[in-house]
Structure formats: structure tokens, C-alpha cells
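Note sheet for the following structure.
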Amino acid sequence: MARILLYIGAKHKKQPWLQNPGGIGMSAQTIDKKGIRWDVFIPCFLIIGGAAILGVVNNAWLTKVTQAVFGWSLETFGWLYQWVALGTLILITLLAFSPLGKIRFGGPQAKAKFSFGAWFAMTLTGGIATGLITYGVNEPLIYYGSIYGELKETGVAPFTPEASFFAMARCFYNWTFIPYAMYALSGVIIAYMYYNRKKELSVAASLTPLFGERVTKGFWRSAIDTLSVLAIALGLAASLGAGLALVGTGLTAAYGIQQGPGVWFILTAVITATFTVASVLGIDKGIKWLANLTTKIFYALLLLLIVIGPTVYILNLTNVGMGYWLDRFWTWALDPYLAEGKALVTWWTMYDWAIWIAYAPLMGIFFAIIAYGRTIKQFLLINWILPAVFGLVWFSVWGGTALQWQMDGRVDIVQAIKAGGAVAGIWTFLQAIPFGGVLIPVIILTLIAAFSTTADTMSTTIAALCTKGAKHDEEPALWQKVVWGVSIGAIAAIMVAFGGGAQGVDGVKFLAACGGFVVLAIFILQVAAAVKVFFMDKETKKDIVDSEDLIETPEGK
């Protein structure tokens with residue numbers, strides 16, 4: 001994934017790099033000598049670093065506090081999360097299929113740096129982290145068996161054909177068009193304001209349609225950047241925690257290595273070192289290569305299961321699952337938990353919305369940087385439609401195969417999850433595949449690579465937000481990236497080791513909800529800013545121009 005470095009607070013006349021915003025390759029220089037934005041660094045470090053230290057000293061208290069925030073925020077504001085999610089989906093749909101889709105980031109003559117293939121690889125692996133591998137098998141089987149009471153208030157009996165339809169439909173709902181619309185919304189407003197309105201590349205600048213230039217200065221700029229850093233740090237810790245739990249259960253299933261605090265902290269050190277090395281190598285030698293490799297592994301795994309899995313059943317279940325999903329769409333889209341219960345809605349859908357919102361503002365900056373020279377329609381194709389379709393295919397193939405094998409008695413994934421936690425089922429599933437013993441280490445390495453792709457960019461972004469005058473073609477100080485990486489990793493390991501709970505990943509779900517709630521107000525303002533600039537601002541219509549695609553170099557192919 002590309003280096004995302006923000007040039008914060010400088011005027012346009014002091015930004016020569018705006019003349020070539022598509023040139024995102026990093027120079028070898030760093031900005032160690034540039035000042036620290038203490039207004040962002042200190043509060044973020046006190047909270048993130050302090051939480052890591054507190055977790056070591058009194059992990060029970062940390063777990064209790066994050067659990068309280070989880071329950072209060074999602075139960076009190078579940079209705080708001082649902083309206084925000086639904087509104088974002090409607091807005092992105094209108095934008096994708098309107099004449100505004102012709103607007104090209106950077107103007108009609110802007111040249112894109114990356115091919116569509118390389119572009120999609122970076123956006124897919126960057127936005128997905130470890131999610132699809134973690135839950136592609138586990139989540140459908142959790143619903144099917146109602147392991148944690150997910151079906152209790154739905155009227156669907158577990159272990160029935162309808163339970164399999166429900167399981168597939170609910171995964172489609174949670175993992176396709178709504179969550180990727182959140183990423184796309186943040187990315188499209190940031191990209192347009194930066195490339196076409198010549199604003200700074202920051203979260204605050206995306207809100208200028210609502211508040212003008214004052215939002216990029218003083219207290220408000222500091223507050224917005226601080227909240228964005230806290231949200232992504234907590235969301236990143238949650239993703240890392242889920243990855244740690246998944247890899248840990250894999251080591252137990254495949255090699256008999258028992259899980260425990262020692263294992264969690266060793267895995268944290270390995271993963272943190274991996275994304276730090278990738279960060280130092282840069283975009284072409286590190287992240288782009290990692291993204292392309294990870295994407296090819298995803299494609300290979302899909303093809304493998306299509307060949308050896310119950311292909312006809314997968315296709316049939318996909319059809320029925322889509323029908324079930326569409327039939328219940330409006331109830332699911334507006335239910336804060338009253339209709340189908342907290343075990344399903346709060347602990348799964350609202351958790352999903354929280355972590356996607358936590359990632360959205362800073363992930364949107366990365367998506368904006370690599371989208372130079374592309375139209376809004378192309379941007380939404382790559383960042384919304386195709387990832388959503390990929391998620392649908394992934395859950396159809398992996399989830400459909402797992403459900404069929406569970407029903408046939410070939411493997412008991414439900415029991416494996418009950419025994420090992422919410423992320424343990426995939427390893428039992430893999431052991432039932434021919435040559436599954438070979439796949440397990442491949443999956444473990446893929447998990448590390450997938451998470452490293454996301455973590456590298458986000459730790460770099462956090463470091464840049466805490467640096468005065470950071471530019472897009474300069475690396476932030478390495479010590480900052482290490483500080484944030486270690487702090488985030490420590491929290492993740494602590495929450496997995498000491499806050500696992502009934503699902504084994506309760507602690508990381510608490511973190512995700514905290515991160516999403518921290519940035520919820522900013523994301524809502526981004527939605528409002530997008531409505532204003534794209535549908536109410538007459539100046540925007542001037543950028544609707546027919547133009548041809550131009551690729552700068554074959555480098556990204």
C-alpha cells in the first residue's frame with residue numbers, strides 16, 4: 001500500500017507538490033528534523049500509549065471500561081449507526097449513477113499512475129485487512145448454529161435449511177455494499193476536495209464545504225485530526241487482535257501450540273516487525289508487492305474451493321441467500337436491535353459498522369492518493385462495487401462450502417467454534433480440505449501479509465498527522481511509526497490475552513466500537529459535506545467533462 005503522508009496546514013502557494021498530486025512515490029528522505037504536532041501527538045499518545053500501559057498493570061479495568069463503551073454506544077446509538085449506514089449507501093449509489101461520475105480527479109488531462117489491476121489489489125487488501133479470512137467460514141457457521149444466541153429472536157431455528165439461508169444472507173448484508181460505501185464516501189469527498197478544489201490532503205479539509213477554511217486551522221483542525229487518529233488506532237488494534245486470535249487458534253489446531261499471553265505477544269512482535277519493514281521499503285518494493293501477492297493468494301483460494309467444493313450447492317445457496325437478504329433488507333437496515341436481538345445486531349452488525357467507520361476517514365485518504373487521474377465512477381467501481389462483489393463471492397464460496405460440509409457431517413465446524421472461540425472454525429474447515437495441511441501455513445502467512453498491508457499505511461498516516469509540514473513524498477520519522485505500531489500492537493495483544501470473553505475476541509470488539517464511536521460525528525459531517533458539494537454546489541457541475549483515460553507509466557501493471 002502506498003505511503004500516505006499529509007501536508008497539513010500549509011497554504012496552496014506553499015504546496016508545490018500539488019502540481020503533481022499523482023506522484024505518490026516516496027523519496028528516500030525522512031522528516032526526522034521536522035517538528036512534532038504536539039497538539040495531536042500528546043493526547044493520542046496519552047490515550048493509546050496509556051491504555052497499553054494500563055492493560056499491563058490492570059487489564060481487567062481496561063476490559064471493563066471498553067466493554068462499557070461498547071454496550072452504551074451501540075445500544076444507545078444503534079438507530080443512528082443504521083441511518084448513517086443506509087444514508088451512505090443511498091448517497092454513493094446516486095453518485096455512481098449520476099453525471100457526476102464523469103468528474104476526473106485532477107482534471108480532464110490528469111494521468112493515472114496505476115493500472116486497474118494494481119489499483120484494485122491495493123484497495124482490496126488495504127481495506128479488507130484480515131476480515132474475509134477471519135470470518136468467511138466462521139461467521140456463517142456461527143449464525144447457522146446460533147452459537148452465541150444470534151437466532152434466538154429471529155424466529156429461525158438453528159441447524160435448519162432456513163438457518164443456512166439466513167446465515168448467507170446476513171453475511172451478504174454485513175460484508176458487501178453497505179460497509180464499502182462507507183470507505184468510498186470518505187475517499188471520494190477527500191479526493192475531490194484535494195485534487196479539484198485544491199484543498200489540503202486531510203480529514204479536516206473534506207469538511208470545508210460545511211465550515212469553510214476555518215475548519216483546517218486552530219482548535220478544530222487539531223480536534224478532528226486527534227479524533228481520526230484515535231479512531232484508526234483503536235480500529236487497527238481491533239483488527240490486529242482478531243488476526244492474533246485467528247493465527248493463535250491456527251497454531252493450536254495445526255501444531256498443538258497452546259494459546260496464552262506469551263504466544264500473543266510473540267505474534268504481535270512478528271506482525272509489528274513485518275509491517276514496519278514493509279513501511280521502510282516503500283510503495284514499490286514493499287506495499288504494492290505485498291498487496292499484489294495477497295490478492296493473488298485470495299484468487300487462488302477462491303478457485304481452489306470452487307473446484308473442490310460443492311459448486312452447484314454454492315450457486316444455489318448464493319441465489320437463495322441473495323433473495324433472503326433483499327427480502328429482509330429494510331428491516332435489517334433499520335433495526336437497532338429491537339426486532340432481532342442484541343446477540344445478532346449489536347455484537348455483529350453494529351460492531352461491523354463501528355469498525356468500518358473507524359477506518360473510513362484515514363483509509364479514505366489512502367484511497368484518494370492512489371485515485372489521481374480516475375473518474376468518480378471509476379473510483380466507486382474500484383472502491384465500492386468490485387470489493388462488495390468480491391465479498392459476496394468470497395462468502396458464497398467459503399461460507400457455502402462450510403455450510404454444506406457441516407450439514408453433510410463431513411466436519412463439525414460449529415463444535416470447533418464452541419470449543420475454540422469465534423475465529424477457530426476455519427482451521428477445522430481447512431483440515432477437511434485435501435492438502436489442507438499445506439494450506440494452513442499459507443493462510444497464516446496470508447493473514448500476516450494482509451494485516452501488514454493495512455497496518456503499514458495507517459501507522460504511517462498517524463505518524464504524518466503528528467508531524468508539522470509533512471509532505472506526500474517524504475517519510476515520517478521512523479521512531480514515530482515504531483511508537484504507534486508498538487502501542488497499537490500492545491493493546492491488541494492485551495485485549496486478546498486478557499479480554500477474550502465468550503467469543504475469544506470480545507476485547508477486540510470492544511475496541512472497534514470505541515474507535516467507531518470516536519469518529520462517528522466526523523463521518524456524519526463527511527456525509528453532509530458530500531451531499532452539499534456534489535448535489536448543491538453549482539461549481540461542481542463545471543467539473544463534469546468527458547475525457548479519456550491516461551496511464552502515466554506501465555509501472556503499476
Side-chain angles (χ1 to χ4, degrees), residues 130-175 242 245-246 248-250 252-253 259 305 309-310 313-314 316-318 320-325 328 332 335 337 339-352 391-392 394-433 436 443 500-506 508-509:
T130 59
L132 290 188
I133 296 177
T134 303
Y135 292 108
V137 167
N138 293 309
E139 191 165 329
L141 270 296
I142 288 171
Y143 297 152
Y144 176 71
S146 191
I147 295 176
Y148 305 109
E150 285 80 6
L151 299 183
K152 185 177 180 181
E153 298 183 41
T154 65
V156 178
F159 300 103
T160 62
E162 186 179 4
S164 67
F165 309 154
F166 179 95
M168 191 57 62
R170 195 70 186 193
C171 290
F172 290 165
Y173 178 74
N174 288 352
W175 285 94
L246 186 57
T249 56
T252 301
Q259 302 178 59
L305 277 186
Y313 178 78
I314 290 171
N316 288 335
L317 183 61
T318 300
V320 176
M322 290 180 66
Y324 203 100
W325 165 37
R328 289 154 179 78
W332 288 357
D335 176 27
Y337 68 77
E340 300 199 313
K342 295 179 182 179
L344 174 69
V345 181
T346 302
W347 276 86
W348 290 97
T349 302
M350 291 301 99
Y351 155 71
D352 288 339
L392 191 151
W394 184 274
F395 274 94
S396 295
V397 174
W398 281 71
T401 301
L403 285 166
Q404 178 67 72
W405 289 359
Q406 175 75 37
M407 289 185 283
D408 287 348
R410 178 169 175 173
V411 62
D412 193 349
I413 302 171
V414 171
Q415 184 56 42
I417 295 173
K418 287 181 178 179
V423 298
I426 185 175
W427 307 112
T428 301
F429 171 75
L430 289 174
Q431 289 172 337
I433 297 176
I443 294 293
Q503 294 190 15
V505 289
D506 289 3
V508 299
K509 286 194 170 187

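Given the structure is predicted, the values throughout are model-derived calculations rather than measurements.
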Reported [atom1]-to-[atom2] distance for the pair [X] and [Y], which is rounded to 0.5 angstrom:
X	Y	atom1	atom2	result
Leu344	Tyr148	CG	OH	14.0 Å
Leu403	Ile314	CG	CD1	10.0 Å
Cys171	Trp394	SG	CH2	13.5 Å

Checklist entry - Checking side-chain contact (heavy atoms from CB on, under 4.5 Å) for the pair Val414/Gln406: CA distance, chi angles, key distance, verdict? => result CA-CA 8 Å; Val414 171; Gln406 175 75 37; 3.8 Å; yes
Any residue meeting side-chain hydrogen bond (donor to acceptor under 3.5 Å, both in side chains) with [X], in chain and number order, not counting sequence neighbours:
X	value
Thr318	Ser396
Thr401	none
Trp325	none
Glu139	Tyr143, Asn174, Trp175

For the residue pair [X] and [Y], what are the closest heavy atoms and their distance?
X	Y	result
Arg410	Ala432	NH2-O, 3.0 Å
Ala167	Pro140	CB-O, 3.3 Å
Leu317	Gly400	CD2-CA, 3.9 Å

Item to check | Heavy-atom side-chain proximity of Trp347 to Glu150 below 4.5 angstrom | outcome: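 No, their side chains stay 4.5 Å or more apart.
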Checklist entry - Would a 4.5 Å heavy-atom cut-off, applied to side chains only, mark Tyr144 and Met407 as touching? => result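 Result yes, sub-4.5 Å side-chain heavy-atom pair found.
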Checklist entry - Does the Tyr173 side chain pair with the main chain of Trp332, one donor and one acceptor, at a distance under 3.5 Å? => result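 Indeed, once roles are kept as given, a pair shorter than 3.5 Å links the two residues.
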Checklist entry - What's the verdict on side-chain contact (heavy atoms from CB on, under 4.5 Å) for Tyr351 and Thr346, showing C-alpha distance, side-chain angles and the deciding distance? => result CA-CA 6 Å; Tyr351 155 71; Thr346 302; over 6 Å; no
Checklist entry - Below 4.0 angstrom, N of the basic side chain to O of the carboxylate: do Arg328 and Glu340 qualify? => result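 A salt bridge is absent here (no side-chain N lies under 4.0 Å from a carboxylate O).
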Side-chain atoms of residues 155-164: list all donor-acceptor pairs with protein atoms under 3.5 Å, sequence neighbours left out, distances to 0.1 Å.
unit_1: Thr160; atom_1: OG1; unit_2: Ala157; atom_2: O; d: 2.7
unit_1: Thr160; atom_1: OG1; unit_2: Ala163; atom_2: N; d: 3.2
unit_1: Glu162; atom_1: OE2; unit_2: Tyr324; atom_2: OH; d: 3.0
unit_1: Ser164; atom_1: OG; unit_2: Pro161; atom_2: O; d: 2.5

Item to check | Verdict with reasoning, Asn138 to Trp398, per side-chain contact (heavy atoms from CB on, under 4.5 Å) | outcome: CA-CA 10 Å; Asn138 293 309; Trp398 281 71; over 6 Å; no
Would you tabulate the side-chain donor-acceptor contacts of residues 418-431 under 3.5 Å, counting partners in other chains and residues two or more places apart, or write 'none'?
unit_1: Trp427; atom_1: NE1; unit_2: Leu246; atom_2: O; d: 3.0
unit_1: Trp427; atom_1: NE1; unit_2: Thr249; atom_2: OG1; d: 2.8
unit_1: Gln431; atom_1: NE2; unit_2: Ala253; atom_2: O; d: 3.2

